[in-house]
Protein chains: 2
Amino acid sequence: MHHDEARTRLLDAADRLFYERGVQAVGMDELRAAAGVSLKRLYQCFPAKRELVEAYLRRRDERWRAALAEYVAAHAATPADRVLAVFDWLAEWFAGPGFRGCAFVNAYGELGAVSDGVAAAAHDHKYAVRGYTTGLAAALGAAEPEVLGGQLALLIDGAITTAALNGDPTAAHLARDAAAALLATATPAGS
Amino acid sequence: MHHDEARTRLLDAADRLFYERGVQAVGMDELRAAAGVSLKRLYQCFPAKRELVEAYLRRRDERWRAALAEYVAAHAATPADRVLAVFDWLAEWFAGPGFRGCAFVNAYGELGAVSDGVAAAAHDHKYAVRGYTTGLAAALGAAEPEVLGGQLALLIDGAITTAALNGDPTAAHLARDAAAALLATATPAGS
DNA sequence: TAGCCGCGAGAACGTGCGTTCTCTAGGATA
DNA sequence: TATCCTAGAGAACGCACGTTCTCGCGGCTA
């Protein structure tokens with residue numbers, strides 16, 4: 001097996017197992033077995049668990065934001081619809097199998113105090129999401145895009161947390177309605 | 001030392017250490033030392049770490065919600081001010097020393113998949129907070145108190161997450177402004 | 001005073017896990 | 001064909017930690 005394929009399989013296994021059960025609940029040997037890779041190869045690809053964890057978060061960040069952006073681009077035509085589509089995408093995610101909240105929040109709770117790399121990955125992810133919503137707000141012609149974008153990010157995080165901890169996927173609808181109300185007050189009428 | 005005093009000191013130490021560094025990063029012996037209690041006494045009070053963790057969460061839930069309700073009652077006169085005061089309290093919490101996000105979200109990320117007790121404690125906490133905000137919304141005369149209350153809870157969770165992961169205490173102000181906008185659209189004019 | 005009880009201190013035990021080491025087999029090369 | 005390199009399988013190591021056990025001391029009771 002090639003180095004790159006082993007790396008991909010390890011990241012796939014990490015993405016599933018770390019998200020499903022938490023980082024510390026999954027051992028390197030279980031990961032190795034799930035990926036179908038030898039322990040020696042594992043440590044060639046990721047010399048320590050720390051590095052695997054950070055690579056898992058970095059890749060998940062890219063994929064998560066790409067999936068969101070792709071859905072929004074495909075399902076909405078107007079700037080306002082794009083904002084609302086964000087919450088439609090969340091609704092689908094929440095209702096899907098295996099949803100267990102935000103991987104970055106979870107990892108931060110587990111390791112943020114102890115691992116700078118994890119804390120930085122969580123920070124960067126949230127910062128990037130906020131950048132995305134701020135972009136949507138700017139496209140709307142909002143008076144203060146940073147404010148509206150930040151508020152949309154709050155609603156996203158709140159919905160994820162509520163959906164996970166309360167097991168309530170309808171949090172996405174609640175957040176969508178709140179976002180619509182914020183849009184109405186923060187943008188020039190009729191935009 | 002009395003049994004009850006040992007229990008209190010253990011819970012005090014747990015509240016500080018578990019919140020500060022995460023549950024799994026703190027060993028029973030370190031906890032014992034921080035509480036100034038013997039290991040034998042520790043296991044008399046809490047026969048397993050699991051039980052100490054759950055007691056920590058239960059007590060923190062009560063104290064957190066009591067502190068919030070007390071602040072709101074003391075700093076706001078009208079129903080609308082009470083809603084906004086929630087976010088003022090959050091702003092103080094975020095800016096205080098040692099803030100590291102929501103203890104329940106953190107514990108859920110760490111152990112929610114593996115411990116039913118932790119998942120239930122997190123659920124119950126969020127459910128209770130939502131009940132509180134729904135009460136505030138009802139006092140406002142909101143057309144749909146459950147909706148507004150739920151949305152306020154989303155903003156609270158979003159603000160906590162953003163403040164923690166982005167290290168940005170001003171998330172409370174953002175959330176406060178968003179709450180004000182929601183109040184304006186969800187309540188009869190002038191209430 | 002003699003015996004008993006409960007406590008604190010800390011050693012000890014078992015287990016899980018991150019990481020490294022050993023051994024064996026197979027394929028490429030001269 | 002002989003040799004070397006690499007990979008896989010899995011044993012081994014070291015450590016951390018949850019939990020239990022041992023020991024010795026101090027205070028109570030008869």
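A, B, ... follow the sequence lines: proteins, then strands. Residue 1 opens every chain. Given the structure is predicted, the values throughout are model-derived calculations rather than measurements.
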* To do: Sequence neighbours left out, what passes side chain to side chain contact (heavy atoms under 4.5 Å, CB included) with A:Pro169? Give chain and number order.
  => A:Phe94

* Asked: Should the pair A:Arg60 and A:Tyr19 be classed as cation-pi, given the thresholds of under 6.0 Å to the six-membered ring centre and 45° from the axis?
  -> yes

* Side-chain ion pair, B:Arg130 and A:Asp168, N-O less than 4.0 Å -> yes

* Are the charged groups of A:Arg9 and A:Glu5 less than 4.0 angstrom apart, N to O? -> yes

* Asked: Which of residues 9-35 of chain A sit near DNA chain C, with a heavy atom under 4.0 Å from it?
  -> A:Val26, A:Gly27, A:Met28

* **Check: B:His173 main-chain N/O paired with B:Thr170 side-chain donor or acceptor under 3.5 Å** => no

* Any Lys/Arg nitrogen of A:Asp116 or A:Arg50 sitting under 4.0 Å from an Asp/Glu carboxylate oxygen of the other? -> no

* Close residues, residues 38-53 of chain A, relative to DNA chain C [heavy-atom separation under 4.0 Å] -> A:Leu39, A:Tyr43, A:Ala48, A:Lys49

* Looking at B:Val83, B:Leu152, B:Leu68, which one forms a side-chain contact (heavy atoms from CB on, under 4.5 Å) with B:Thr133? -> B:Leu152

